[in-house]
Amino acid sequence: QMKIVESGGGLVESGGSLRLSCAASGFNVKLYDIGWYRQVQGGHEGEGIACTSSTDGSTYYSDAVKGRFTISRDNTKNMVYLQMNNLKPEDTAVYYCATDRVWYSGSCTGKEMMNYDFWGMGTLVTVSS
C-alpha cells in the first residue's frame with residue numbers, strides 16, 4: 001500500500017531554516033517524479049513549489065522559493081527532502097509531498113505537478129516575524 005508521510009515542520013523565526021522530509025512506503029521513489037506543495041490554512045488553492053524528476057534528476061522551483069529552497073532525494077532511503085532557508089512569514093503554510101504514481105512520467109514542471117494525485121497528510125510550517 002502506497003503511503004507518504006511528511007515531517008520536519010514547526011515554528012521558526014524569520015530568516016531561519018527547516019528541512020522537511022517526505023517518507024515513502026509501498027513504492028520506490030526512484031521511479032516517480034515527486035513534488036512539494038504548500039497551502040495556507042484556510043486558503044483555497046495549494047501552490048506547487050518544487051519537484052524532482054525521476055528521469056533526468058532535474059528540478060523545478062516556483063519563483064516564490066527559488067534560491068531559498070532546495071529539493072533533493074535519497075533513493076536508497078526512499079526519501080525526498082525540502083531544505084528551506086531564509087524563511088519568511090509568507091512561507092507559513094501546510095507543506096505536502098505528492099506524486100503522480102506514473103513511472104518516469106517526466107511531469108516535473110510547474111504546470112504538470114499540479115496534477116499529482118497521491119498526497120501525504122502534510123506538515124505545518126509557521127514562520128514568525
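Source: prediction; values computed, not measured.
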What's the spacing between [X] [atom1] and [Y] [atom2] if we round to 0.5 Å?
| X | Y | atom1 | atom2 | value |
| --- | --- | --- | --- | --- |
| Y37 | C51 | OH | SG | 7.0 Å |
| R68 | Y61 | CZ | OH | 12.5 Å |
| E13 | S129 | CD | OG | 9.5 Å |
| Q39 | E47 | CD | CD | 10.5 Å |
| F27 | R101 | CZ | CZ | 9.5 Å |
| T126 | Q41 | OG1 | CD | 7.0 Å |

Please report the shortest heavy-atom distance between [X] and [Y], naming the atom on each side.
| X | Y | value |
| --- | --- | --- |
| S105 | S54 | N-OG, 4.2 Å |
| M113 | A50 | CE-O, 3.2 Å |
| A24 | V29 | CB-CG1, 3.3 Å |
| S58 | D56 | OG-OD1, 2.7 Å |
| L87 | M84 | CD2-CB, 3.8 Å |

Identify whether [X] and [Y] are in the same connected component of the hydrophobic contact network (ILVMFWY, side-chain heavy atoms under 4.5 Å).
| X | Y | answer |
| --- | --- | --- |
| L124 | Y96 | yes |
| F118 | L31 | yes |
| Y81 | Y95 | no |

Original post:
Does the ring center of W36 lie less than 6.0 Å from the ring center of F69?
Top reply: no
Heavy-atom distance under 4.5 Å between the side chains of [X] and [Y], does that happen here?
| X | Y | answer |
| --- | --- | --- |
| R38 | D91 | yes |
| T92 | V40 | no |
| S17 | V12 | no |
| V125 | L20 | yes |

Original post:
D33 pairs by side chain to side chain contact (heavy atoms under 4.5 Å, CB included) with which of Y116, Y60, Y104?
Top reply: Y116
**OP:** Pick out which of I71, T52, D100 makes a side chain to side chain contact (heavy atoms under 4.5 Å, CB included) with I34.
**Re:** T52
Original post:
Judged by atom type as modelled, is there a donor-acceptor pair below 3.5 Å linking the side chain of E6 to the main-chain atoms of T123?
Top reply: no
**OP:** Identify whether the distance between the nearest side-chain nitrogen and carboxylate oxygen of K66 and D63 falls below 4.0 Å.
**Re:** yes
Subject >> Any residue meeting side-chain hydrogen bond (donor to acceptor under 3.5 Å, both in side chains) with T55, in chain and number order, not counting sequence neighbours >> reply: S53
Subject >> Aromatic ring pairing W103/Y32, orientation class (parallel under 30°, perpendicular over 60°, tilted between) >> reply: perpendicular
Original post:
Around M121, counting heavy atoms of other residues, nucleotides and ligands shown, do more than 12 lie under 6.0 Å from its CE?
Top reply: no
